[in-house]
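Just so it is clear, the values below take in all heavy atoms, side chains as well, and ignore hydrogens, waters and symmetry mates. For clarity, every value in this text was computed on a predicted model and none was experimentally measured. All residue numbers refer to positions in the sequence shown, counting from 1.
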Amino acid sequence: MFQKETIIKRNAKKIIVGYDLGRTFSQISYWDLGEEGPETVSAVAGTEQYNIPTVLCKRCGVGQWYYGKEALKQVREEEGILVEDLVTLAERGEEVMVEGQSFDPVALLTLFVKRSLSLLNLHVSAGQIEAFMFTVDDLTPRMVDVLGKVAAGLQLSATHICFQNHMESFYYYVLNQSPDLWKQDVMIFEYNRFMQTLCLECNRRTIPQVVFIQKKEYPNMQRLTWSEEEEAREEQKAELDNQFLEIVEQALEGHTTSTAFLLGEGFKEGWAKESLKRLCMNRRVFQGNNLYSKGACFGMAERIRPGEQSGKYVYLGEEKLKANIGMKVLRRGEESYFAVLDAGINWYEAKTEFEIILGSGNRVDFLITSLTGGHVTDKPMVLEGLPERPENTTRLKVQVEMSAVNKATITVEDLGFGELFPTSGKGWTYTMEV
């Protein structure tokens, strides 16, 4: 009896999954919202090896595919053909040739994700997954399209499936840490194929407080192939340490940084000595590699069950709408503000539809309130050819959708006013700079 109740309780849990789909490695975290925080799936049972190589391998001569570490093993044993750079191939949309056969790159990426999710099955069942968040380094419009196809190919039963980039995952991760860690700027130093930094800053003078993240890449600091000779290898490490020290000094200049995170496989080789001493001066430094997948879990949780912090902060990343779009309307005879689209949402997800009754004239006015500059701009839309009618007898359907991060496409349709004033059938489209 006890065992049956335990199973029922476990299956009743609703889980959030954060999937970090990286170009070299991927990671999977999951979170039962009843627990303290997300857990990360290990690629090797009983260890903290979270990285799953983002590769596939086709076994020679047969239609059998392997993923991750097993794929690399098959290649080392000369049993199969490696397919790497899966994310880049899918983004480019170029067909992949393996043993003279053509494969759709998005289908291969979907196969990798599906196979890797088998690791998650050891912890939760597919039916428990309520929400699924993909996070990638750069969420271009093409990448949004690719991820949508991958999600469709997985046939997930999750109610919510969303995407965000690494910078937004960083934001949500920090937002869910102790306030002491981010009382000042927070930095990430990420070293995989090359070095890059992310710096999170918060403008605490605004309401809500606006958070920005600056990204900088250092392509000259590439991963090294270590010399087999010990003396030469030590020289390589010292040179890399000096190179990183210069980057640390440059990154910290002009910032008061309370916390720094070291991410990436490149830091595991133990070469950062003098540079790490400098970085640890007057700030807390953490080393790990599952920040983005956990941040994806936190980001999804905020979408479906907003917490206390949701109204206090707004993150304005590159893909975020940076202004509030609204209208002045009359409600019960009093002028009030009607929010059309709020700043801080992803531009490619920003769309809405509503109906209004036009008081008089033939124009609809939108108010654009910038969160970066603070100024308010009036943007009128003139409805040429709208039939003249008495006041408050024209009903309009309004659709607003962002077509780019700084452009909104507005479509207005004349609905008339019941039997008194039938619709003219007219419609208008206007592209507005935001």
Tyr292/Glu190 under side chain to side chain donor-acceptor pair (under 3.5 Å): CA gap, chis, key distance, verdict: CA-CA 11 Å; Tyr292 295 132; Glu190 185 175 356; 2.7 Å; yes
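- Listed for the Glu274 side chain is no donor-acceptor partner under 3.5 Å among the backbone atoms of Asn242.
- Of the listed residues (Tyr313, Phe261, Tyr173), just one forms a ring-ring contact (aromatic ring centres under 6.0 Å, His included) with Trp182, and that residue is Tyr313.
- Distance NE2/His166 to CG/Leu21: 8.0 Å, rounded to 0.5 Å.
- Looking at heavy atoms from C-beta onward, Lys149 lies out of side-chain contact with Thr110 at the 4.5 angstrom threshold.
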Please evaluate residues Val434 and Trp347 with respect to the criterion side chain to side chain contact (heavy atoms under 4.5 Å, CB included), reporting the C-alpha separation (whole Å), side-chain torsions for both, the decisive distance (0.1 Å), and the verdict. CA-CA 11 Å; Val434 177; Trp347 70 265; over 6 Å; no
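- Distance check, rounded to the nearest 0.5 Å: OG of Ser157 to CZ of Phe132 gives 10.5 Å.
- The pair Arg193-Glu217 does not count as a salt bridge, with every side-chain nitrogen at least 4.0 angstrom from each carboxylate oxygen.
- The two atoms that bring Gly93 and Pro105 nearest to each other are C-CG, 3.9 Å, heavy atoms only.
- Using modelled atom types, one side-chain atom of Gln222 and one backbone atom of Pro219 make a donor-acceptor pair closer than 3.5 Å.
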From CA spacing to verdict: side chain to side chain contact (heavy atoms under 4.5 Å, CB included), Asn165, Glu168: CA-CA 6 Å; Asn165 65 16; Glu168 189 166 7; 3.6 Å; yes
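- A donor-acceptor contact under 3.5 angstrom links the side chains of Gln27 and Asn51, judged on distance only.
- Glu334 meets the side-chain contact (heavy atoms from CB on, under 4.5 Å) test with no other residue; sequence neighbours excluded.
- Using modelled atom types, one side-chain atom of Asn192 and one backbone atom of Glu265 make a donor-acceptor pair closer than 3.5 Å.
- Heavy-atom neighbours of Glu353 CD from other residues, nucleotides or ligands within 6.0 Å: above the threshold of 12.
- In this structure Asn406 satisfies the side-chain contact (heavy atoms from CB on, under 4.5 Å) test together with Ala404, Glu433, sequence neighbours excluded.
- A pairwise comparison of heavy atoms in Lys294 and Pro38 identifies CE-O, 3.5 Å as the closest pair.
- Counting non-hydrogen atoms of other residues, nucleotides and ligands closer than 6.0 Å to CD of Glu228 gives a total of 12 or fewer.
- The line from NZ of Lys379 to CG of Asp365 is 12.0 Å long, rounded to the nearest 0.5 Å.
- Between Ile52 and Gly68, the closest heavy-atom pair is CG2-CA, 4.3 Å.
- By the 4.5 Å heavy-atom criterion applied to side chains, Leu139 and Val144 are counted as neighbours.
- Between the side chain of Trp428 and the main chain of Asp414, no donor-acceptor pair closer than 3.5 Å is present.
- Taken to the nearest 0.5 Å, the OG1 atom of Thr54 stands 8.0 Å off from the CG atom of Asp20.
- Applying the ring pair (Phe, Tyr, Trp, His ring centres under 6.0 Å) test to Tyr19 and every residue at least two apart in sequence or in another chain returns Phe134.
- In this model, no donor atom of one side chain and acceptor atom of the other lie less than 3.5 Å apart for Tyr171 and Glu302.
- If you check the side chains of Thr409 and Glu401, you find no donor sitting under 3.5 Å from an acceptor.
- Panel note: side chain Arg303, backbone Ala301; no donor-acceptor pair is recorded below 3.5 Å.
- Between Asp378 and Phe366, the shortest heavy-atom contact is OD1-O, 3.3 Å.
- Lys320 places no side-chain N or O within donor-acceptor distance of the main-chain N or O of Val405, the cut-off being under 3.5 Å.
- Under the 4.5 Å side-chain criterion, counting only non-hydrogen atoms from C-beta, Gln243 is not in contact with Met195.
- Phe112 and Trp65 have their aromatic ring centers separated by at least 6.0 angstrom.
- Checked by atom type and distance alone, the side chain of Arg142 pairs as donor or acceptor with a backbone atom of Ala90 at under 3.5 Å.
- Within a 6.0 Å sphere centred on CG of Asn282, other residues, nucleotides and ligands contribute 12 heavy atoms or fewer.
- Here the side chain of Thr257 pairs no donor or acceptor atom with the backbone of Asp185 at under 3.5 angstrom.
- Residues satisfying the side chain to side chain donor-acceptor pair (under 3.5 Å) test with Gln74, not counting sequence neighbours, are Glu70.
- Side-chain polar atoms of Ser227 and Gln236 form no donor-acceptor pair below 3.5 angstrom.
- The environment of CZ in Arg204 is crowded: more than 12 heavy-atom neighbours from other residues, nucleotides or ligands sit within 6.0 Å.
- A donor-acceptor pair under 3.5 Å is formed between the side chain of Gln128 and the backbone N or O of Ser125.
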Glu335 vs Leu330, side chain to side chain contact (heavy atoms under 4.5 Å, CB included): CA-CA, chis, key distance, verdict: CA-CA 4 Å; Glu335 188 176 274; Leu330 286 178; 4.2 Å; yes
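- Atom CZ of Phe244 sits about 15.5 Å away from atom CD of Glu239, to the nearest 0.5 Å.
- Ring to ring, Phe354 and Phe338 are close: their centroids are under 6.0 angstrom apart.
- Annotation: side chain of Leu108 is not in contact with side chain of Leu89 (no heavy-atom distance under 4.5 Å).
- Using a 4.5 Å heavy-atom cutoff, the side chains of Tyr315 and Tyr172 are not in contact.
- Across every non-hydrogen atom of Met221 and Leu240, the tightest pair is CE-CD1, 3.7 Å.
- The closest side-chain heavy-atom distance from Lys312 to Pro208 is not below 4.5 Å.
- Annotation: the span from Ile188 atom CD1 to Leu291 atom CG amounts to 4.5 Å, rounded to 0.5 Å.
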Pairs of donor and acceptor atoms involving the side chains of residues 79-87, under 3.5 Å and at least two apart or interchain, shall be tabulated with distances.
none

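- At a threshold of 4.5 Å between non-hydrogen side-chain atoms, the residues Met402 and Tyr348 do not count as touching.
- Judged by distance alone, the side chain of Thr411 and the main-chain N or O of Gln399 form no donor-acceptor pair under 3.5 Å.
- Between Lys237 and Glu269 no salt bridge is recorded (no basic side-chain N to carboxylate O distance below 4.0 Å).
- With sequence neighbours excluded, no residue forms a salt bridge (Lys or Arg N to Asp or Glu O under 4.0 Å) with Glu318.
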Taking it one step at a time, do Val146 and Met143 satisfy side chain to side chain contact (heavy atoms under 4.5 Å, CB included)? CA-CA 5 Å; Val146 167; Met143 200 66 228; 3.8 Å; yes
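- In plain terms, the two heavy atoms of Ser116 and Ile28 that are nearest each other are O-CD1, 3.5 Å.
- Between Lys58 and Glu99, some side-chain heavy-atom pair lies under the 4.5 Å cut-off.
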